Amino acid sequence: MPRGRPPHNRNARPGRGGNNRRRRNDIDADGSGIMLPQQVSDILTRKPVGTHIEISGWIRTRRDSGGVSFLELSDGSCLDSLQVVADNGLDNYDREIRKITTGTAVQVVGLLVDSPAKGQEVEVRAERITVIGWSDAETYPLQKKRHGFEFLRSIPHLRPRTNALAAVARIRSRLDYAIRNFFRERGFFLVHTPIITTSDCEGAGEMFTVTALPPEQIKGPGSFADDFFGRRAGLTVSGQLQAEIYALALGRVYTFGPTFRAENSNTSRHLAEFWMLEPEISFCDLACAMSVAEELIRELVRTVLRDCAKEVNLFNRFVDSKLLGRLESITGEPFARLAYGEAVDLLARSGRDFEFPVRWGVDLQAEHERYLCEEVVAGPVIVHDYPKGIKPFYMRLNDDGQTVAAMDILVPGIGELVGGSQREERYDLLARRMDEAGLDEAEYGWYLDLRRYGTVPHSGFGLGFERLVQLVTGMHNIREAIPFPRTPGSAPC
RNA sequence: UCCCGGGUAGCUCAGCUGGUAGAGCAGGUGGCUGUUAACCACCCUGUCGGGGGUUCGAGUCCCUCCCCGGGAGCCA
């Protein structure tokens with residue numbers, strides 16, 4: 001027990017008249033009887049000055065001034081906190097209020113008034129402050145000062161209590177909702193493709209194996225015949241193949257969920273577990289897919305600028321001072337488009353001394369991609385029609401016989417945000433490319449069936465959700481774009 | 001996995017060509033003031049990432065392992 005610290009009381013509860021009694025500030029806008037407590041976001045939006053409010057949250061800082069204490073109360077509902085003014089007339093002022101430190105959970109009842117001081121428009125003149133849960137300042141890792149993101153990563157259970165990580169979480173949630181809304185409004189259906197799968201998606205990286213076998217029974221690929229699924233299963237690396245099945249039944253679909261890559265990649269833009277959005281659209285060629293992806297990104301950025309302005313400003317101030325300008329430019333001009341061949345010419349003629357020389361037929365290196373989107377256009381670029389040799393079997397062969405109908409969207413600071421293609425819908429051509437790729441035709445019989453029965457042109461793409469979160473927050477490391485980052489050697493909680 | 005750069009107080013970091021560890025912030029105590037990165041005074045804080053070696057002596061030099069960051073590859 002720390003010296004001079006009030007005893008922890010796990011049973012401390014805000015005073016309530018009874019279990020089912022409605023409190024005066026509960027929101028019941030739709031008359032449904034829902035009894036959720038009031039939130040700071042609502043109070044700061046409506047500013048019901050002159051009314052009594054009841055608000056619960058966590059104290060960020062306490063400042064004492066003679067017989068008055070100022071508490072900053074945050075409940076996570078928005079970036080701003082609510083200033084609570086407590087004077088020494090309160091009965092627990094010396095006993096408890098003066099001992100409140102960062103992280104303490106409290107419930108406050110008081111009168112909302114115009115604030116006489118600069119820094120906030122309104123404040124609560126407290127009539128009662130109840131400590132719900134103490135936080136020992138000597139051991140609580142979060143202080144009322146800025147912390148490095150690396151340090152915060154070491155306390156994943158506490159980091160969402162910081163302004164920055166909470167802001168990321170709110171933006172992430174808003175983006176998720178905006179994505180679902182975007183597609184719903186355009187006649188798409190969400191398809192839940194499987195997490196556990198037995199089909200690999202070529203070019204998508206290494207799969208984690210899912211097995212019910214005891215470790216000592218795994219002795220090479222043959223072991224999986226006795227396994228739970230009777231064959232080797234793994235965590236999905238892409239929902240595309242299954243999304244195609246539903247696109248050829250429902251027309252427009254998308255899948256959005258966790259995706260896994262067992263790559264030993266240690267970079268600021270890779271995760272072993274990440275969320276990927278994968279629309280798949282029937283009767284849609286590459287140009288169609290590009291237009292969907294472009295409008296989607298534009299719409300999502302617009303939404304964040306409109307609905308998360310406070311958060312974006314925070315990041316613009318403390319994380320990346322060019323963020324706002326970049327986001328506004330994304331919502332403005334159309335994305336630049338470059339055929340792979342044009343991109344190669346452009347890079348070759350740039351006079352730049354690249355570490356890896358550019359040559360038609362080899363994939364663009366990170367330095368090339370960065371030069372294109374960060375220096376040539378200074379904005380998003382769609383590179384399309386790549387050589388077939390560097391792309392997976394399912395991408396549609398162009399008439400030139402050399403390139404496939406593929407596209408990548410590159411954005412400054414992040415690199416590849418989107419990768420997509422028109423899928424090969426012609427049975428013979430697909431079968432030949434699968435053969436060339438050394439794929440077992442029996443294994444992918446169902447995929448060929450989609451071309452055997454009522455085949456149609458269709459396209460789709462994958463968008464890395466965390467990279468999108470990075471784009472709109474300016475976060476430099478993808479580990480700050482997901483609540484619980486999974487990377488090689490790290491999955492703490 | 002490869003190439004760089006790091007690991008020193010709770011946090012952010014300083015510590016020269018080896019001489020026995022410091023600052024700011026946080027925390028504690030007291031003071032003061034409608035405060036807001038509050039202020040003032042005093043106080044506390046260390047397996048210097050682990051192990052091994054060189055040396056009279058290692059935070060500092062060497063070896064090795066672990067971890068982290070940046071870049072590369074792979075991709076979203």
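Here the structure is a predicted model, which is why all the values come from computation and not from measurement.
- At the heavy-atom level, A:Phe151 lies under 4.0 Å from the strands shown only through sugar-phosphate atoms.
- Ring geometry for A:Phe465 versus A:Trp275: interplanar angle of 30 to 60°, hence tilted.
- Considering only the side chain of A:Val85, B:G34 comes nearest among B:G73, B:C75, B:G34.
- In terms of polar N and O atoms assigned as donor or acceptor, the side chain of A:Gln120 comes within less than 3.5 Å of the base of B:U36 in a complementary pairing.
- You won't find any donor-acceptor pair under 3.5 Å spanning the side chain of A:Glu367 and the base of B:G71, going by distance alone.
- Side chain of A:Thr101, nearest nucleotide from B:U36, B:G28, B:C75: B:G28.
- Comparing B:G34, B:G69, B:G28 by their closest approach to the side chain of A:Ser65 singles out B:G34.
- At the heavy-atom level, A:His147 lies under 4.0 Å from the strands shown only through sugar-phosphate atoms.
- Listed nucleotides: B:G27, B:G69, B:U36. Nearest to the side chain of A:Arg63: B:U36.
- In this structure, A:Arg269 does not pair ionically with A:Glu416, as no charged nitrogen and carboxylate oxygen lie closer than 4.0 Å.
- Across all strands, A:Glu466 comes closer than 4.0 Å to no nucleic acid atom at all (heavy-atom distances).
- No close placement of the A:Tyr394 and A:Tyr447 rings is indicated, their centers lying 6.0 Å or farther apart.
- A:Arg479 comes within contact range of the sugar-phosphate backbone alone, with a heavy-atom separation under 4.0 Å but no base atom that close.
- Going from atom CD of A:Gln240 over to atom P of B:C75 covers 14 Å, rounded to whole Å.
- B:U35 sits 15 Å from B:C40 when the P atoms are compared, rounded to a whole Å.
- Within the 4.0 angstrom heavy-atom criterion, base atoms lie near A:Glu123.
- Judged by distance alone with a 3.5 Å cut-off, a donor-acceptor contact links the side chain of A:Arg261 to the base of B:A76.
- Spacing between atom CZ of A:Arg269 and atom C1' of B:G69 amounts to 13 Å, rounded to whole angstrom units.
- When both pairing distances are held under 3.5 Å, B:U1 makes a Watson-Crick or G-U pair with B:A72.
- Picking from B:G28, B:A76, B:A72 the nucleotide with the shortest atom distance to the side chain of A:Ala137 gives B:G28.
- In this structure, the CD atom of A:Gln470 is 13 Å from the C1' atom of B:C75, given to the nearest Å.
- Contact annotation: A:Gln143 does not reach the phosphate of B:G27 (side-chain N/O to OP1 or OP2, under 4.0 Å).
- Residue contacts for A:Leu417: at a heavy-atom cut-off of 4.0 Å it reaches the sugar-phosphate backbone alone, with no base atom in range.
- Closest to the A:Ser268 side chain, of the nucleotides B:A72, B:G71, B:U35, is B:G71.
- Using atom P as the reference point in both B:G73 and B:A37, the two lie 44 Å apart (nearest Å).
- Remark: C1' of B:A76 and CZ of A:Phe465 are 13 Å apart, rounded to the nearest angstrom.
- Under the side chain to side chain contact (heavy atoms under 4.5 Å, CB included) rule, A:Val304 has a single partner from A:Thr473, A:Leu471, A:Val312, which is A:Val312.
- At a threshold of 4.0 angstrom between heavy atoms, the contacts of A:Arg153 are confined to the sugar-phosphate backbone, with no base atom among them.
- Between the CE atom of A:Met395 and the C1' atom of B:C75 there is a distance of 11 Å, given to the nearest Å.
- Across all strands, A:Thr267 comes closer than 4.0 Å to base atoms (heavy-atom distances).
- Residue contacts shown for A:Asp64 include a base, since a base heavy atom lies under 4.0 Å away.
- Donor-acceptor pairing under 3.5 Å, judged by distance alone, is present between the side chain of A:Arg467 and the base of B:C75.
- For A:Glu150, counting side-chain heavy atoms from C-beta on, the closest listed nucleotide (B:A72, B:C74, B:C68) is B:C68.
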